[in-house]
*Asks:* 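Quick one: the structure is below, and I'll ask about it shortly.
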Amino acid sequence: MQIGIVGLPFSGKSTLFQTITKTHIDPMALAKAETHHAIVKIPDVRLDKCVEIFTPKSTVHATIEFVDVVGLKKGESGSTQFTTNFLSNVKTNDALIQVVRLFANETVPHPDGSVDALRDITSFETEFILSDLSLVETRIERIKKQMMKMQDELAKRELPVLEKCKKILDTEKPLRETEFSKDEMHLLKTYQLLSIKPMLIALNFDESQRTEIEKYVKLVSEKKSGKNTKVVSFFGKIEMEMSELPDDEVKIFMEEYGIKESALDTLIREAYALLRN
Ligand SMILES: Nc1nc2c(ncn2[C@@H]2O[C@H](COP(=O)(O)OP(=O)(O)OP(=O)(O)O)[C@@H](O)[C@H]2O)c(=O)[nH]1
Ligand SMILES: [Mg+2]
């Protein structure tokens, strides 16, 4: 299972990646913009319970591989370019965490000039939908041509599923919000569609925005959450600093900044829950 961390440049992806995977990437390596991978063990209460009852010789915890996906570049026109390199990096991920920047930081300007969460989320959605639509349309045409020449059982089964996808994509909706049967999902798996992947939208706040979080989460949830899409919040910078401290100091630190609980546990749990759907 692989979860890709995606988002616009300077949204806080690498910060989040390092915090959840408890890794430290050298700033020089970060600047090189390579994709980073790390495997995290998922605590599972049910598994622990089973171990208690059955006392097996060995237990295997579920693991998730997190990937800090690179490849998004600021284009010549100024706005972000969704390169084919980026889109193909995302294809292999089973689910996505989209980091959306809410924090203001003058030293690292937002690539699109201003902080606007809904605009950023929509731009991802549109790119994914367009990429899927182009793939689905090409495949439909190919299957139709093929079926004129000979009857192919697989192609015959695939066609209605692809047409169902096209209908949804034509209305500019991501595929993950639609109900697909197990068989349909199985057929679609080979296409590695982007908008079908479960998505956790992670709003990255600065700790100075504490009082505004609820308002923003509500606003974004109303417009963007749905089946296979959840909205959560976290404090990128401060949680990374916290993750580098020994446990007893974390408590003092949290009190000092008025943080009640780390958002990261919730974030990992929600990401894992999306994967298990
Ligand atoms: N003030 C503030 N700064 C943050 C926060 N999160 C990240 N930053 C800063 O924003 C900059 C970019 O963070 P990264 O985590 O490297 O962002 P990224 O999305 O990986 O960026 P690219 O890989 O270059 O696309 C860094 O200088 C961070 O310190 C935050 O919550 N608050
Ligand atoms: Mg990065």
Side-chain angles (χ1 to χ4, degrees), residues 3-38 65-76 78-83 85-90 93 96-117 119-121 123-124 127 199-217 220 231-245 250 253-254 256-264 266-268 271:
I3 298 186
I5 301 177
V6 298
L8 292 180
F10 309 135
S11 50
K13 300 178 294 292
S14 301
T15 306
L16 177 66
F17 173 83
Q18 292 177 87
T19 318
I20 31 189
T21 60
K22 297 192 169 55
T23 47
H24 181 78
I25 307 172
D26 182 64
M28 291 289 276
L30 268 188
K32 270 199 230 142
E34 281 158 357
T35 298
H36 308 280
H37 298 255
E65 180 178 11
F66 284 93
V67 188
D68 181 6
V69 185
V70 295
L72 265 188
K73 291 268 173 321
K74 202 173 144 94
E76 274 161 25
S79 62
T80 308
Q81 257 183 344
F82 288 79
T83 57
N85 178 32
F86 168 75
L87 295 173
S88 63
N89 280 341
V90 178
N93 300 152
L96 300 170
I97 296 179
Q98 183 185 357
V99 180
V100 182
R101 172 169 174 172
L102 266 300
F103 66 87
N105 184 344
E106 273 151 29
T107 54
V108 234
H110 187 294
D112 293 316
S114 61
V115 172
D116 183 340
R119 175 201 61 206
D120 294 351
I121 297 166
S123 72
F124 261 84
E127 288 297 328
M199 169 94 82
L200 190 65
I201 296 174
L203 307 179
N204 185 8
F205 289 93
D206 197 77
E207 82 275 5
S208 62
Q209 297 168 293
R210 266 197 309 274
T211 53
E212 294 172 90
I213 293 180
E214 210 174 310
K215 180 183 85 190
Y216 279 114
V217 172
V220 176
V231 180
V232 293
S233 63
F234 73 107
F235 300 116
K237 202 167 172 198
I238 205 101
E239 302 232 25
M240 176 151 147
E241 287 170 20
M242 245 160 54
S243 71
E244 287 162 356
L245 294 174
V250 170
F253 192 90
M254 282 168 84
E256 201 173 306
Y257 282 92
I259 300 172
K260 287 197 191 74
E261 56 175 352
S262 161
L264 292 169
T266 320
L267 206 146
I268 298 178

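These numbers come from the heavy atoms of this one structure, side chains and all, not from hydrogens, waters or symmetry mates. In listed order, ligands and their atoms are each counted from 1. Count residues from 1 along the sequence.
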*Asks:* Are any of the side-chain heavy atoms of Leu267 and Leu200 separated by less than 4.5 Å?
*Replies:* yes

*Asks:* Check whether Asp120 reaches the backbone of Arg101 with its side chain - one donor and one acceptor, N or O, closer than 3.5 Å.
*Replies:* no

*Asks:* Which residues pass the side-chain hydrogen bond (donor to acceptor under 3.5 Å, both in side chains) test with His24, not counting sequence neighbours?
*Replies:* none

*Asks:* Could you list each nitrogen or oxygen of ligand 1 that sits under 3.5 Å from a protein nitrogen or oxygen, with the atom names and the distance?
*Replies:*
from     : atom 1 : to     : atom 2 : distance (Å)
ligand 1 : 1 (N)  : Asp206 : OD1    : 2.8
ligand 1 : 3 (N)  : Asn105 : ND2    : 3.2
ligand 1 : 6 (N)  : Asn204 : ND2    : 3.3
ligand 1 : 15 (O) : Ser14  : N      : 3.4
ligand 1 : 15 (O) : Thr15  : N      : 2.8
ligand 1 : 15 (O) : Thr15  : OG1    : 2.4
ligand 1 : 17 (O) : Gly12  : N      : 3.2
ligand 1 : 19 (O) : Ser11  : N      : 3.1
ligand 1 : 19 (O) : Gly12  : N      : 3.0
ligand 1 : 19 (O) : Lys13  : N      : 2.9
ligand 1 : 19 (O) : Lys13  : NZ     : 2.8
ligand 1 : 20 (O) : Ser14  : N      : 2.9
ligand 1 : 20 (O) : Ser14  : OG     : 2.8
ligand 1 : 21 (O) : Phe10  : N      : 3.1
ligand 1 : 25 (O) : Phe10  : N      : 3.3
ligand 1 : 25 (O) : Lys13  : NZ     : 2.9
ligand 1 : 31 (O) : Asn204 : OD1    : 3.1
ligand 1 : 31 (O) : Phe205 : O      : 3.2
ligand 1 : 31 (O) : Lys237 : N      : 3.3
ligand 1 : 32 (N) : Asp206 : OD1    : 3.0

*Asks:* Enumerate donor-acceptor pairs with a distance under 3.5 Å from any side-chain N or O in residues 12-20 to protein atoms, sequence neighbours excluded.
*Replies:*
from  : atom 1 : to    : atom 2 : distance (Å)
Lys13 : NZ     : Gly7  : O      : 3.3
Lys13 : NZ     : Leu8  : O      : 2.9
Ser14 : OG     : Asp68 : OD2    : 2.7
Gln18 : OE1    : Ile25 : N      : 2.8
Gln18 : NE2    : Ser14 : O      : 3.1
Thr19 : OG1    : Thr15 : O      : 2.6

*Asks:* State whether the side chain of Glu207 and the backbone N or O of Ile238 hold a donor-acceptor pair below 3.5 Å, judged by distance alone.
*Replies:* no

*Asks:* Strictly by modelled atom types, are Ser114 and Asp116 linked by a side-chain donor-acceptor pair under 3.5 Å?
*Replies:* no

*Asks:* Quick one: does Phe253's side chain get under 4.5 Å of Glu241's, heavy atoms only?
*Replies:* yes

*Asks:* Quick check for you: within a radius under 2.8 Å, how many protein N, O or S atoms neighbour the Mg ion (ligand 2)?
*Replies:* 1

*Asks:* Short question: side chain of Asn89, backbone of Val69 - any donor-acceptor pair under 3.5 Å?
*Replies:* no

*Asks:* Quick one: pull up NZ in Lys237 and CZ in Phe103 and give me the separation to the nearest 0.5 Å.
*Replies:* 8.5 Å

